[in-house]
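Working notes, structure below.
All values reported here derive from a predicted model rather than from experimental measurement. Position 1 is the first residue of the sequence; numbering continues from there. Remember, it's 1-based here, ligands and their atoms both numbered in the order they're listed.
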Amino acid sequence: MKHVAVLGGGVIGLSIALELTRRGFDVTILEKNTCGGQASGAAAGMLAPYSEIGEDPDDFFRLCLASLRLFEEWQHDVKQLSGLDFEYEKSGSLHCVYHPADLLSLQTRKAWQEEFGAIVNVLDQQALKEVEPHLSDDIIGAIQYPEEAHVYSPDYVKALEEACRQHGVRIEENLGAVSVEQYEQGVLLQAENKNEYTADQLIVSSGAWAKELEDLFELSLPIFPIRGQICAYERQEEQVNHILYTSQGYLVPKANGTLVNGASEDIAGFQTDVTEKGIQRLINWNTNILPFLAEREPFHTWAGLRPATQDGYPFIGPLTKAPNVYFACGHYRNGILLSAITAKVVAEELSGEQASVPLTSFRPERFT
Ligand SMILES: Cc1cc2nc3c(=O)[nH]c(=O)nc-3n(C[C@H](O)[C@H](O)[C@H](O)COP(=O)(O)OP(=O)(O)OC[C@H]3O[C@@H](n4cnc5c(N)ncnc54)[C@H](O)[C@@H]3O)c2cc1C
């Protein structure tokens with residue numbers, strides 16, 4: 001049985017580990033701290049390819065769309081395999097606009113997205129008030145995507161971890177930074193306490209930290225952390241039905257009665273603290289979406305590090321010179337959404353099958 005070591009236990013490493021173990025691989029996850037403790041546990045959990053990619057369809061959009069279409073079955077499997085719930089809500093989303101000039105761009109989006117089979121409705125202000133009565137009067141129209149959904153990310157990663165454990169994945173946590181000591185004749189990894197781990201195959205799923213391996217693999221891997229600051233409000237009696245998306249921020253109504261409000265995009269190295277300026281920007285904007293928030297204070301603020309890449313595309317694929325090293329990192333703003341398709345294509349390629357989505361644009365050597 002082929003033994004796979006997965007470096008990093010975020011949503012990407014956990015999803016790949018689960019899919020590989022279901023296909024009969026022997027899998028060990030090696031995690032510096034705790035699984036889901038970085039970007040993955042901090043995410044808003046939107047599964048929103050149409051809202052996120054508004055301009056032109058490209059390979060990244062196709063990857064995101066393939067993942068959305070897989071997610072229904074994938075989330076069902078994760079729940080079954082773990083016995084845990086994580087609030088998969090097919091709420092749909094509203095991409096809201098404020099200026100008459102933007103109404104035209106909604107029609108453009110609708111036209112090309114329908115070519116990809118999207119269900120898209122353009123709503124005027126009156127129709128919007130019927131589906132979301134609390135929206136600001138400044139919003140003059142929106143595009144509605146009934147297929148977009150969201151999960152409660154902290155619980156999603158817990159369920160993935162539990163499903164992995166129950167199905168034989170070994171999970172080693174609190175190892176400090178694990179280093180790759182050897183990869184040419186078998187893989188040898190070392191934890192900070194000098195414990196060693198061997199494997200036939202390595203998956204690099206260390207998110208924003210993957211750049212640390214550039215020199216070792218003689219690879220140009222332009223991946224860097226973009227901090228996302230985010231906060232949550234308690235909802236009271238107000239009903240909010242959709243993900244509310246605007247050019248300056250979003251609100252996600254969670255089934256647990258909270259509204260998640262995200263998110264900043266700032267460069268702060270590997271710091272995961274929140275700043276007054278970052279959270280205040282969210283607070284200042286969100287009343288332009290739901291005016292009732294003017295009376296509220298967020299009860300919780302936090303931040304995470306999105307693994308961004310130079311061209312905005314993730315790295316998915318093996319090294320040509322060492323096919324037993326496989327990269328799966330750099331999922332930037334969409335790692336929760338992309339977890340389903342990433343797990344699938346990695347498992348397909350490691351099983352010697354053709355990936356069900358073309359991966360040429362995502363190969364890790366494209367900058368080298
Ligand atoms: C505020 C915010 C909101 C977001 N909202 C959404 C959203 O709505 N929808 C969506 O799809 N995505 C969203 N994202 C993006 C998403 O969270 C990320 O794309 C995704 O979590 C990346 O997953 P990952 O497993 O690659 O990285 P991480 O979750 O960062 O996991 C990487 C893991 O590798 C470990 N590691 C690093 N180096 C080593 C080492 N040397 N040895 C051992 N372990 C190591 C780390 O400790 C970490 O646990 C959001 C992100 C943020 C910050």
Side-chain angles (χ1 to χ4, degrees), residues 5-17 28-49 51-52 64 67-68 71 93 148-154 156-157 160-161 171-180 189-192 197 202-213 216 223 225-232 243 245 249-252 254 260-266 268 270 272 274 278-279 282 301-309 314-316 327-343:
V6 176
L7 187 68
V11 72
I12 298 298
L14 289 164
S15 301
I16 293 170
T28 304
I29 295 177
L30 303 173
E31 166 55 49
K32 190 198 292 194
N33 299 312
T34 52
C35 288
Q38 291 290 345
S40 304
M46 292 179 291
L47 312 173
S51 299
E52 280 278 310
C64 289
S67 209
L68 180 70
F71 220 94
S93 65
E148 292 194 331
H150 56 96
V151 295
Y152 188 64
S153 299
Y156 174 46
V157 287
L160 282 168
E161 183 182 344
I171 300 184
E172 303 276 346
E173 294 182 288
N174 300 308
L175 298 179
V178 175
S179 58
V180 181
L189 300 142
Q190 193 178 71
E192 269 183 15
Y197 303 87
L202 173 66
I203 307 283
V204 178
S205 52
S206 46
W209 292 265
K211 192 175 172 57
E212 292 167 0
L213 296 172
L216 176 75
I223 183 165
I226 297 285
R227 182 171 60 182
Q229 300 186 49
I230 183 164
C231 63
I243 297 170
Y245 206 95
Y250 55 76
L251 288 158
V252 189
K254 296 293 177 186
V260 172
N261 179 196
S264 76
E265 288 196 359
D266 50 275
F270 285 88
T272 53
V274 295
I279 297 299
L282 299 173
T301 61
W302 69 99
L305 301 172
R306 303 180 189 90
T309 64
F315 293 111
I316 304 176
F327 281 79
C329 51
H331 293 70
Y332 190 35
R333 293 172 58 97
N334 287 285
I336 303 294
L337 167 64
L338 287 169
S339 56
I341 191 71
T342 304

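At a 4.0 Å cut-off, not a single heavy atom of Gly262 sits close enough to ligand 1 to count as contact. Remark: distances from the non-hydrogen atoms of Phe270 to ligand 1 are all 4.0 Å or more. Residue contacts with ligand 1 include Ser205, since one or more of its heavy atoms lies under 4.0 Å from the ligand.
Scanning Trp302, Tyr250, Tyr332, Trp209 for the heavy atom closest to atom 38 (N) of ligand 1 points to Trp209. The closest heavy-atom contact to atom 52 (C) of ligand 1, among the options Glu192, Gln229, Arg227, Arg306, comes from Arg306. Looking at Gly13, Ser51, Ala43, it is Ala43 that brings a heavy atom closest to atom 2 (C) of ligand 1.
With sequence neighbours excluded, no residue forms a ring pair (Phe, Tyr, Trp, His ring centres under 6.0 Å) with Tyr250.
Per-residue contacts place Ile12 under 4.0 angstrom from the following atoms of ligand 1 (heavy atoms of the residue considered): 23 (O), 24 (P), 25 (O), 26 (O). Numbered from 1 in the order shown, with element, the atoms of ligand 1 that lie under 4.0 Å from a heavy atom of Ala39 read 17 (O), 21 (O), 28 (P), 29 (O), 30 (O). Counting the atoms of ligand 1 from 1 in the order shown, those under 4.0 Å from a heavy atom of Asn334 are 10 (C), 11 (O), 12 (N).
Counting heavy atoms under 4.0 Å from ligand 1, residue Arg333 touches it through the backbone alone.
Here side chain to side chain donor-acceptor pair (under 3.5 Å) pairs that include residues 31-43, with residues two or more places apart or in two chains, number zero.
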